[in-house]
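Please read these numbers as outputs of a predicted model, since none were measured by experiment. Proteins get letters first, then strands, A, B, ... in listed order; numbering begins at 1 in each.
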2 protein chains.
Amino acid sequence: MTYELYYWTGIQGRGEFVRLALEDAGAEYVDIAREHGDKAMEPFLEGEHAEALPFAPPFLKAGHLLIAQTAAILDYLGQHLRLVPEGEARRIHANQLQLTIADLVTEVHDSHHPIAAGLYYHDQKPEAARRAADLRQHRLPKYLGYFERVLERADGRHALGAHSYVDLSLFQLLAGLDYAFPHAMARLRPRLPRLAALAEEVAARPRIAAYLASPRRLPFNESGIFRHYPELDDPD
Amino acid sequence: MTYELYYWTGIQGRGEFVRLALEDAGAEYVDIAREHGDKAMEPFLEGEHAEALPFAPPFLKAGHLLIAQTAAILDYLGQHLRLVPEGEARRIHANQLQLTIADLVTEVHDSHHPIAAGLYYHDQKPEAARRAADLRQHRLPKYLGYFERVLERADGRHALGAHSYVDLSLFQLLAGLDYAFPHAMARLRPRLPRLAALAEEVAARPRIAAYLASPRRLPFNESGIFRHYPELDDPD
């Protein structure tokens, strides 16, 4: 089956978590908006697909299925691309971890958009400074300490004791945070040895390494979720 | 099987979405923290359970499984309590809708806590006023219009064309929004006839009606997610 991924062009965004799973599995897929423009998503958002109406990208077309919401897409792909260990308990555990990653991703987004997604960062800078400070001082240590603990409780190298899409998502999370908050992450990293090692291992997986070196991997930028605004990072 | 629900005492919060599913199905469950205090959750949050480490309540113990994250719990209960129509496509669609409800719930929380969950509302009132205005003017119409459309595309009465946990969650969402933003919801309600009818139908389901009339249903309050601060609602 050739999957169709629908996500905004020009940014990694939430679509990147899906892209990494497809790339790691060597799945055939078409990145529809990059091929045909963002407008190619509109019919689906306007309800053209008979069964499911996505609220927002990313969404994935898999045969007759249309699946929206990053964690739901990964739950599906995890099973179909063997990116999650066998068994109900592991599948549920993976989903729970992915949802917790998604919660942090939303908090990272809101660190530069604490007032309104529909306004520019420029229009909410003082509020962003306050929210980003809280993210760096309280939320990042709490979430990343949690994920470090999850690795420690498993085999020390994989969130589920074996490779899964959750490891790919943790790699992406770390990559994004390193880009957005280099000083804060330099401060936190000594407490996160397993996460740091996992990110290196994922980046070295042959298909992921090839993907990261390809033009398909867009650079992070200040239109995406992980944005580098030096004034929102720890001071020098 | 007797399920064990773990959630903070004193508020409905995210635990209420799970509680409504358990109540509607007539499932046997123990609301552990209400029986034994919030401290009864600590061993799990500290890692006592061998398989899964929850990041935060709610979590559900179902036999040997420990499941955290509201949408993951409902995905599991939906299948085991027959609260979702049969078939992979319907299960995935339900999960996607629940995740979209969860996104709005997070936005509602952040309307009174736009800067930091760890600070009091009092410490972020000006920011909350800006964020709540955006929620009322842009986000609620967008999300609720979406859910109205989902009902319209199904049978007009159920999100999935048949009763499911998603309908229970939409009821809870409407109940919470009516409590928190009565003026804004009075303004929006004429555009949401199907959602309004769904909420009435759910409230009239025998087990839900019995639950809502019981002391197990806590009133909404200003410690929960849906808070009524008149200054965050539409003006009179």
Side-chain angles (χ1 to χ4, degrees), chain A residues 47 50-56 59 62 64-73 75-76 79 88-100 102-104 106-107 110 114-119 123-124 126-128 130-131 133-135 137-139 142-143 146-147 149-150 152-154, chain B residues 47 50-56 59 62 64-73 75-76 79 88-100 102-104 106-107 110 114-119 123-124 126-128 130-131 133-135 137-139 142-143 146-147 149-150 152-154:
Chain A
E51 283 195 40
L53 178 67
F55 182 71
F59 47 93
H64 71 289
L65 283 176
L66 187 72
I67 312 172
Q69 284 280 358
T70 310
I73 297 170
D75 181 49
Y76 174 86
Q79 296 167 78
E88 184 183 37
R90 295 302 177 88
R91 187 184 70 74
I92 290 172
H93 194 198
N95 183 225
Q96 173 209 313
L97 291 168
Q98 187 65 40
L99 288 168
T100 306
D103 285 345
L104 176 52
T106 294
E107 295 198 25
D110 285 12
I115 299 302
L119 292 176
D123 297 319
Q124 46 198 315
E127 296 92 342
R130 280 193 80 191
R131 178 140 188 170
D134 184 75
L135 180 77
Q137 288 158 24
H138 299 110
R139 305 303 283 172
K142 183 176 162 111
Y143 275 102
Y146 168 77
F147 291 121
R149 185 102 193 279
V150 166
E152 185 187 336
R153 286 164 50 94
Chain B
E51 284 196 38
L53 178 66
F55 181 72
F59 47 93
H64 70 288
L65 284 175
L66 188 71
I67 312 171
Q69 285 279 0
T70 310
I73 298 170
D75 181 49
Y76 173 86
Q79 295 167 78
E88 184 184 38
R90 294 304 177 87
R91 187 185 71 73
I92 290 173
H93 194 198
N95 184 226
Q96 173 209 315
L97 291 168
Q98 187 66 39
L99 287 168
T100 306
D103 286 344
L104 176 52
T106 294
E107 295 198 25
D110 284 11
I115 300 300
L119 292 176
D123 297 319
Q124 46 198 315
E127 296 91 343
R130 281 193 80 191
R131 176 140 188 170
D134 183 75
L135 180 77
Q137 288 159 24
H138 299 111
R139 305 301 284 172
K142 181 176 163 109
Y143 275 102
Y146 167 78
F147 291 121
R149 184 102 196 278
V150 166
E152 185 187 337
R153 286 165 49 94

Side-chain heavy-atom pair B/T70, A/L99 within 4.5 angstrom cut-off
no
Could you tell me which portion of B/Y143 (side chain, backbone, both or neither) has an atom closer than 4.5 angstrom to a non-hydrogen atom of chain A?
both
Between B/R130 and A/D123, is there a side-chain N and carboxylate O pair less than 4.0 Å apart?
no
Counting heavy-atom pairs closer than 4.5 Å to chain B, which one of A/Q124, A/E107, A/R149 comes out on top?
A/R149
Passes side-chain contact (heavy atoms from CB on, under 4.5 Å), B/D110 versus A/R131? Steps please.
CA-CA 11 Å; B/D110 284 11; A/R131 178 140 188 170; 3.2 Å; yes
Contact leader toward chain B among A/P114, A/A128, A/A72, where contacts are heavy-atom pairs under 4.5 Å
A/P114
Among the listed options A/I115, A/L119, A/L135, A/D103, the residue most often paired with chain B at heavy-atom distances under 4.5 Å
A/I115
Kindly check if the number of other-residue, nucleotide or ligand heavy atoms within 6.0 Å of CZ (A/R90) is above 12?
no
Where is the tightest heavy-atom contact between A/Q96 and B/P54, given as atom of each residue plus distance?
NE2-CA, 3.8 Å
Most heavy-atom pairs under 4.5 Å with chain B, out of A/Q98, A/R153, A/H64, belong to A/R153
Pick one of side chain, backbone, both or neither for A/A50, based on which atoms fall under 4.5 Å of a heavy atom in chain B.
backbone
Honestly, the part of B/H93 sitting under 4.5 Å from a heavy atom of chain A is side chain
Of B/L65, B/L66, B/D75, the one forming a side-chain contact (heavy atoms from CB on, under 4.5 Å) with A/I92 is B/L65
Given the options A/A71, A/A89, A/G47, A/A102, which has more heavy-atom pairs under 4.5 Å with chain B than any of the others?
A/G47
With respect to chain A, which residue among B/A116, B/A117, B/A133 yields the maximal number of heavy-atom pairs within a distance under 4.5 Å?
B/A116
Could you check which of B/Y146, B/F147, B/Y76 has the highest count of heavy-atom pairs closer than 4.5 Å to chain A?
B/Y146
So what's closer than 4.5 Å to chain A heavy atoms on B/F55: side chain, backbone, both or neither?
both
pair B/Q69-A/T100: side-chain heavy atoms closer than 4.5 Å
yes
Quick one: what part of B/A154 sits under 4.5 Å from any heavy atom of chain A, side chain, backbone, both or neither?
neither
Interface moiety of B/Q79 toward chain A, non-hydrogen atoms closer than 4.5 Å
side chain
